[in-house]
Number of protein chains: 2
Amino acid sequence: MATSLTLPDLDPTSDRAVFRQIADHIRQAIERGQLREGDKVPSEAQLMQHYGVARMTIRHALQVLQSEGLTVAEHGRGVFVRSHPPMRRLASDRFARRHREQGKAAFIAETEDAGGKPSVDSIKIDEVKPPVEIAERLSLGPNDRVIARSRRYLINGQPVETAISYVPMEIAKDTKIMEPDSGPGGIYARIEEKGYRLDHFVEDIKCRMPLRDEARALKLAPGVPVFHLVRTAYAADGTPVEVCDTVMSGDAYVLSYELPAR
Amino acid sequence: MATSLTLPDLDPTSDRAVFRQIADHIRQAIERGQLREGDKVPSEAQLMQHYGVARMTIRHALQVLQSEGLTVAEHGRGVFVRSHPPMRRLASDRFARRHREQGKAAFIAETEDAGGKPSVDSIKIDEVKPPVEIAERLSLGPNDRVIARSRRYLINGQPVETAISYVPMEIAKDTKIMEPDSGPGGIYARIEEKGYRLDHFVEDIKCRMPLRDEARALKLAPGVPVFHLVRTAYAADGTPVEVCDTVMSGDAYVLSYELPAR
DNA sequence: CTGTAGTAGACGTATGTACGAGTTGAGGAG
DNA sequence: CTCCTCAACTCGTACATACGTCTACTACAG
């Protein structure tokens with residue numbers, strides 16, 4: 001029952017559009033904690049009654065909030081204040097060799113430590129001609145081919161990240177990199193076994209709205225942006241040996257990096 | 001004149017909503033390059049005619065695209081394919097001492113190198129009680145006070161970033177940190193002069209939709225997310241000496257970090 | 001007690017209408 | 001030729017209405 005949420009009335013003297021005023025009221029209620037995560041926003045019918053406006057106007061206001069990522073509408077149930085999933089922190093030492101040597105994939109270990117149930121699905125392995133940006137990063141020629149390993153990561157069944165790793169054929173051939181289970185320590189361990197000692201990674205991060213496919217793959221609510229992270233792994237001699245292209249649900253991650261001041 | 005953009009017809013057998021089909025058509029035209037940055041999307045009236053649907057349906061489709069950040073509507077002019085500003089790359093060595101010693105602020109130097117006209121405005125300096133998250137990061141007690149330096153960065157007159165630096169009063173007092181012009185090398189140089197040798201920084205990065213104030217301050221188009229970056233500077237003895245809270249236009253930046261593999 | 005059908009309530013999609021407000025360009029007044 | 005007015009076009013806001021679909025709950029039949 002909508003206990004006691006009291007929304008202000010419209011200000012007829014304001015030149016601010018009615019739907020914006022209504023959106024402002026609800027936004028303020030959320031910011032002030034009068035509406036909390038998971039709470040039901042008054043129904044369209046109730047809001048129509050309260051404000052004495054047409055349904056389209058109410059819907060317009062609600063849509064503003066939804067595109068701001070503040071609320072989610074559930075068909076047949078109502079509009080709810082969005083609850084934010086537990087944030088996953090990615091630390092900049094997550095690819096340190098000491099982690100790799102434990103034999104467990106970083107994602108699995110970290111998620112279990114945080115009390116979540118990790119899973120991985122949609123594993124797909126293809127031999128392809130790499131997209132140009134990938135080929136550039138790997139210093140490959142136009143005819144070189146790569147192994148592309150795609151997968152999707154989930155926590156408690158909720159997808160949080162998709163990733164595609166590209167490894168030059170030259171490096172991947174005759175290794176478990178070409179198999180769904182790449183073995184203990186993951187593909188970085190296999191690359192090192194092949195004689196490439198990993199030296200450092202470079203991560204390029206963008207922030208943008210998801211494409212349609214990405215929104216579907218990550219089951220993103222409207223109004224949730226994504227991190228688009230492209231990581232290149234370099235061997236000690238400076239050779240790029242892998243590029244990993246990942247898209248992460250923006251509301252599920254905090255990225256954390258340590259920079260030297262020297 | 002709308003030279004020759006030909007949009008498909010609706011698929012009456014599809015159970016995909018009409019406004020989504022229309023949004024799909026226009027999105028595809030953009031993705032295929034039939035509509036390029038800055039191009040005008042056919043007007044609502046033209047689309048109504050083409051598809052034979054009501055105006056609200058067209059507007060709904062256009063709103064989908066706008067919230068995806070693909071288009072911008074300009075009152076009285078039309079709807080246009082969004083043009084993306086030149087991306088600014090932030091490298092992870094941008095706070096290296098060698099840069100600091102040149103005496104020029106990092107933002108100014110980098111922007112000029114890239115051929116842009118940098119500027120900074122809205123500089124404000126206050127002595128305040130820090131927000132709790134900031135106080136935690138600075139290991140301050142509940143009664144400690146800090147100097148908060150706010151400013152906004154612009155490139156070619158277009159705002160791209162707002163930032164607030166928090167420096168403990170203990171460190172800031174009797175230095176140029178309390179003045180609008182903090183002197184050559186910026187506040188990090190002043191902090192080091194005070195005897196704190198900077199050792200490293202930690203940056204925590206989130207990605208989200210802007211708040212109303214942020215959207216206004218950065219003149220963000222609808223559908224553009226922001227980076228929210230909080231950087232903590234640590235002295236050699238592990239003392240946190242500064243926290244910088246910045247919000248960056250998501251479509252103006254690529255963040256780049258180098259991670260060791262050891 | 002259980003399962004099912006019905007129903008009320010909630011959001012989703014779509015049509016039609018009306019008027020407001022910013023932009024642009026053409027044509028007329030000076 | 002220049003300036004101004006005005007019309008046409010564009011998007012913005014708002015109302016009223018209708019029907020579809022999903023959810024949750026109730027009441028009835030078995």
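In what follows, every chain begins at residue 1, and chains take the letters A, B, ... in the order their sequences are listed. As a basis for the values below, the full set of heavy atoms in this structure was taken, side chains included, without hydrogen atoms, waters or symmetry mates.
In this entry the distance linking CD of A/Gln63 with P of D/dA14 reads 14 Å, nearest Å. In this structure, CG of A/Leu10 is placed 15 Å from P of D/dT13, rounded to the nearest angstrom.
Among pairs with a residue in residues 124-136 of chain B, those fulfilling side chain to side chain donor-acceptor pair (under 3.5 Å) read B/Glu127-B/Arg145, at least two apart in sequence or across chains.
Of the possible donor and acceptor atoms, none in the side chain of B/Arg89 sits under 3.5 Å from a partner among the backbone N and O of A/Asp204. A donor-acceptor pair is defined here as one N or O able to donate and one able to accept, closer than 3.5 Å; no such pair exists between the side chain of B/Arg152 and the backbone of B/Leu218.
Every salt bridge (Lys or Arg N to Asp or Glu O under 4.0 Å) that A/Glu68 has, sequence neighbours left out, goes to A/Arg27. Every residue meeting the salt bridge (Lys or Arg N to Asp or Glu O under 4.0 Å) condition with B/Glu214, not counting sequence neighbours, appears here in chain and number order: B/Arg208. Here B/Asp181 pairs with nothing under the side chain to side chain donor-acceptor pair (under 3.5 Å) rule; sequence neighbours left out.
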Check: Taking protein heavy atoms under 4.0 Å as touching, what does nucleotides 4-12 of chain D look like 5' to 3' if B marks base contact, S marks sugar-phosphate-only contact and - marks none?
Finding: ------BBB
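Ring-plane geometry between A/Tyr51 and A/His25 is classed as parallel, the angle between the planes falling under 30 degrees on a 0 to 90 degree scale with a further cut at 60.
Each of A/Met48 and A/Ala17 was assigned the nucleotide of DNA chain D with the nearest heavy atom; the assignment lying further toward the 5' end belongs to A/Ala17.
Running 5' to 3' along DNA chain C, contacts with non-hydrogen atoms of chain B at under 4.0 Å begin and end at C/dT13 to C/dT24.
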Next item on the list: Before giving the answer on side-chain contact (heavy atoms from CB on, under 4.5 Å), spell out for A/Tyr166 and A/Ile147 the whole-Å C-alpha distance, their side-chain angles and the decisive distance to 0.1 Å.
Entry: CA-CA 6 Å; A/Tyr166 299 91; A/Ile147 288 295; over 6 Å; no
